[in-house]
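Worksheet: one structure, shown below.
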4 protein chains.
Amino acid sequence: MVSTIIDRGSKRQHLVEAAAAVFAEQGFTSTRVADIAERAGIGKGTVYEYFTSKEELLFAVFEWIDSRVSTRVEAVLAEEISGHEKLLRLLQLGADVVTEQVEMQPVILDFWAASRGNLLEDRHREVCTSSYRFFRKVITDFIHDGQRRGDFRPEVDAEALAATVVSTFDGLGVQLFFDRSLDPHRITEAFGRLLIEGLTAETS
Amino acid sequence: MVSTIIDRGSKRQHLVEAAAAVFAEQGFTSTRVADIAERAGIGKGTVYEYFTSKEELLFAVFEWIDSRVSTRVEAVLAEEISGHEKLLRLLQLGADVVTEQVEMQPVILDFWAASRGNLLEDRHREVCTSSYRFFRKVITDFIHDGQRRGDFRPEVDAEALAATVVSTFDGLGVQLFFDRSLDPHRITEAFGRLLIEGLTAETS
Amino acid sequence: MVSTIIDRGSKRQHLVEAAAAVFAEQGFTSTRVADIAERAGIGKGTVYEYFTSKEELLFAVFEWIDSRVSTRVEAVLAEEISGHEKLLRLLQLGADVVTEQVEMQPVILDFWAASRGNLLEDRHREVCTSSYRFFRKVITDFIHDGQRRGDFRPEVDAEALAATVVSTFDGLGVQLFFDRSLDPHRITEAFGRLLIEGLTAETS
Amino acid sequence: MVSTIIDRGSKRQHLVEAAAAVFAEQGFTSTRVADIAERAGIGKGTVYEYFTSKEELLFAVFEWIDSRVSTRVEAVLAEEISGHEKLLRLLQLGADVVTEQVEMQPVILDFWAASRGNLLEDRHREVCTSSYRFFRKVITDFIHDGQRRGDFRPEVDAEALAATVVSTFDGLGVQLFFDRSLDPHRITEAFGRLLIEGLTAETS
DNA sequence: GATGAATGAGAATTCATTCAT
DNA sequence: CATGAATGAATTCTCATTCAT
């Protein structure tokens, strides 16, 4: 009936995106399930045909956001370019994501915060942890690769550096959310310069 | 009644600390004002003699946490040591704070998250923004000082780097909260090496 | 689809029995129409092809239970045995029914209880009343017959005694439902002794 | 403030009686907690200061009804009259209670029915069972006493008869609720005649 | 100042019922 | 006929806040 929604499988995703939009605007707590339903153009009860709870919807939204980033990161990693080039591209991607996602940032903050005083506390922690692990692993592997190829200094602590990179972009997202006067690309460039210098083998 | 509380003025602070503890344990949303009152050893109604709302208490807690860090940072900056030494001390402080504050991290997440769908939205943003500005300014000034003294490379983008540093520690706090297997000192060391190398003038 | 259901007309009955089983297990309020449909092996919407509402189903179940008892009572009454013998058989039947129907008792309790705060309140009362009247009439007639034949004392208040008998078995059903340690046959025997002694003409 | 409610301790009882009235009128399911609060002249939330749930209120109401009957029964038992006289008084009391309590009957039906599909199922059963046990015990003891004194026939099955008596009055309450044309005193008289004749020692 | 009893706004969730297929 | 996706009415309970004592 509603022309936008056609296929079955996509209804759930439609709902996830509606929820993401409303969560982003109003915050998780202030969002009523009815708001999401309205935004999605469906009845309040229908939400529960797809998700068992409002919280479950928050998980779905977080995972959706997270997976979109993962996909983009993996796309960059799959490109056939030099390690140095790839590093630049990854930094660029980080800055882009942080910039594009400012509006989604509050959803992430909500997801982080929702991990306390909640029956699903463990699941929250698990989801966050595994997301972090994924990004750290990707970067760690990337650095190890470069070290193997001789592009990167062998003495660098790949894992620690990976954690640093993840932290930086995470923190940048938060900071940017609160202060839009910041220029994420400029900041990323400064950070990138540090990274490249610190990573690149001297004799390269 | 409770012997610990003697002077009037300290009652407010007593309440802030009680609130901080409960918020940290249960999360802001799951915390009832009664829980805080109980923890503080006072009556539920008395809380409203000191704070106009539960939210106001969250602000106070955040500001308390924030100020404790500021104080420590300023203490380091006031030390009479070389710029290089100071940088090391600041990094050390960052790692220490992040480590010591893991249990308080959820309160920060709550404060961040509470900035949406809220009448006090603007004030949240303001408090966060000004906290960030403070830390960035401190670091920016520190770098500028170093540059003036010739300790640090003149071409370095001090402001962007300051934002990076703040981001990194902010993000590290979050990451550590979810994954305690991380070693913040090791990560900070890796980050610090990058920073020092990137900052330090080559043949100073 | 389900092989058990062949003829059309029996589907309704199939549904009644499925509903009876589920109502008995979970109680009327806790039973969802979907549960009944599932138990009957049909789709949720199909229930409404046979009954206009969940409540209507409760009526059907009650009437089904009620009619099964009526049938058995009438069968005993039709037997060609002496009044005294018949009395014994009726008492036996009462004890049997109460025993066999313990599991169905909650459905009866539900039906009774559902008679308040309900649009069908009057219909509930009517159904219950007429069921009671039927059983009372059967017993009243039976006593009158015995009195006419000179088997039973003429001064006995047949109607009042009939009400007593119905009450006793009704109450026994309830009591047994809550306390399975009771022995309905032993109780019925004690009650029967009272009845027989009270009814039987002294020197008939 | 509300003049009717003065002392603390009576507030709970005030609430129980308000609930009883509303439950009786509308039935448990159709009663909203707000209805009870309104009837009691208090705020909706205040109900939860005294009872943890609507169901808990039903328990309280049942126990209140139950205890009022117990009290009256015990009063009769305490009277210094002959066994025969006491039996008559007990029967009279039964008829009175059943008559006076017709309007409360639906609450009892609700309580019985609520014992299914409920987390408190066991507690329901327990309360009912113990109520029944109390009344059976009272009557059993009474019969035993009479037997000891030689007033009642020694071969009578006291326990079974006690169960019968309880059943009869229970069932009478239900029957009367649905059919007000019944005369409980007349029915009780018929039942009483049976009982007395069956109990009383022949040579008395 | 301190207190806690009283309050009612507010929201998630359930589920009987409908109806397009 | 049969179905189950969609719906929204309806209600319990929570808890921040107030205010009389």
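Atoms considered below: every heavy atom in the structure, side chains included; atoms not considered: hydrogens, waters and symmetry mates. Chain A is the first sequence line, chain B the second, and so forth, proteins listed ahead of strands; every chain is numbered from 1.
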### Message
Quick one: does any side-chain atom of D110(A) pair with a main-chain N or O of F28(A) as donor and acceptor, under 3.5 Å?
### Response
yes

Would you mind reading off the distance between [X] atom [atom1] and [N] atom [atom2], rounded to a whole angstrom?
X: E56(D); N: dC13(F); atom1: CD; atom2: P; value: 10 Å
X: K54(B); N: dA16(F); atom1: NZ; atom2: P; value: 4 Å
X: D35(A); N: dA12(E); atom1: CG; atom2: C1'; value: 12 Å
X: Y50(D); N: dG4(E); atom1: OH; atom2: C1'; value: 11 Å
X: E55(B); N: dT17(F); atom1: CD; atom2: P; value: 9 Å
X: L57(D); N: dT12(F); atom1: CG; atom2: C1'; value: 13 Å
X: F51(D); N: dA6(E); atom1: CZ; atom2: P; value: 13 Å
X: E38(D); N: dT12(F); atom1: CD; atom2: P; value: 14 Å

### Query
Phosphate oxygens OP1/OP2 of dA16(F): is one of them under 4.0 Å from a side-chain N or O of S53(B)?
no

### Query
Across the strands shown, which category fits G45(B) at heavy-atom distances under 4.0 angstrom: base, sugar-phosphate, nothing?
base

### Message
Which label fits F62(A) and F111(A): parallel for a plane angle under 30°, tilted from 30 to 60°, or perpendicular past 60°?
### Response
parallel

### Message
Is the ring pair F178(C)/W112(D) parallel, tilted or perpendicular, if the boundaries are 30 and 60 degrees?
### Response
tilted

### Message
Against the six-membered ring of F23(B), is R116(A) placed for a cation-pi contact (under 6.0 Å from the centre, within 45° of the normal)?
### Response
no

Choosing from [options], which nucleotide comes nearest the side chain of [X]?
X: Y48(D); options: dT12(F), dT17(F), dT13(E); answer: dT12(F)
X: R32(C); options: dA2(F), dA16(E), dA6(F); answer: dA16(E)
X: E49(A); options: dT7(F), dC15(E), dC1(F); answer: dT7(F)

### Task
On DNA chain E, check which nucleotide each of T29(C) and T31(A) is closest to and give me the residue with the more 5' one.
T31(A)

## Note on the structure
Nearest-nucleotide check on DNA chain E, K44(D) vs V47(B); residue mapping nearer the 5' end is V47(B)

### Message
So for K11(B) and dG1(E), does any side-chain atom that can act as donor or acceptor lie under 3.5 Å from a complementary atom in the base?
### Response
no

### Query
Given that G43(A) and A34(B) both sit by DNA chain F, which one's nearest nucleotide is further toward the 5' end?
G43(A)

#### Entry: Mate of dT21(E) where both pairing distances stay under 3.5 Å, Watson-Crick or G-U
dA2(F)

### Pair R39(B) + E25(B), salt bridge at N-O below 4.0 Å
yes

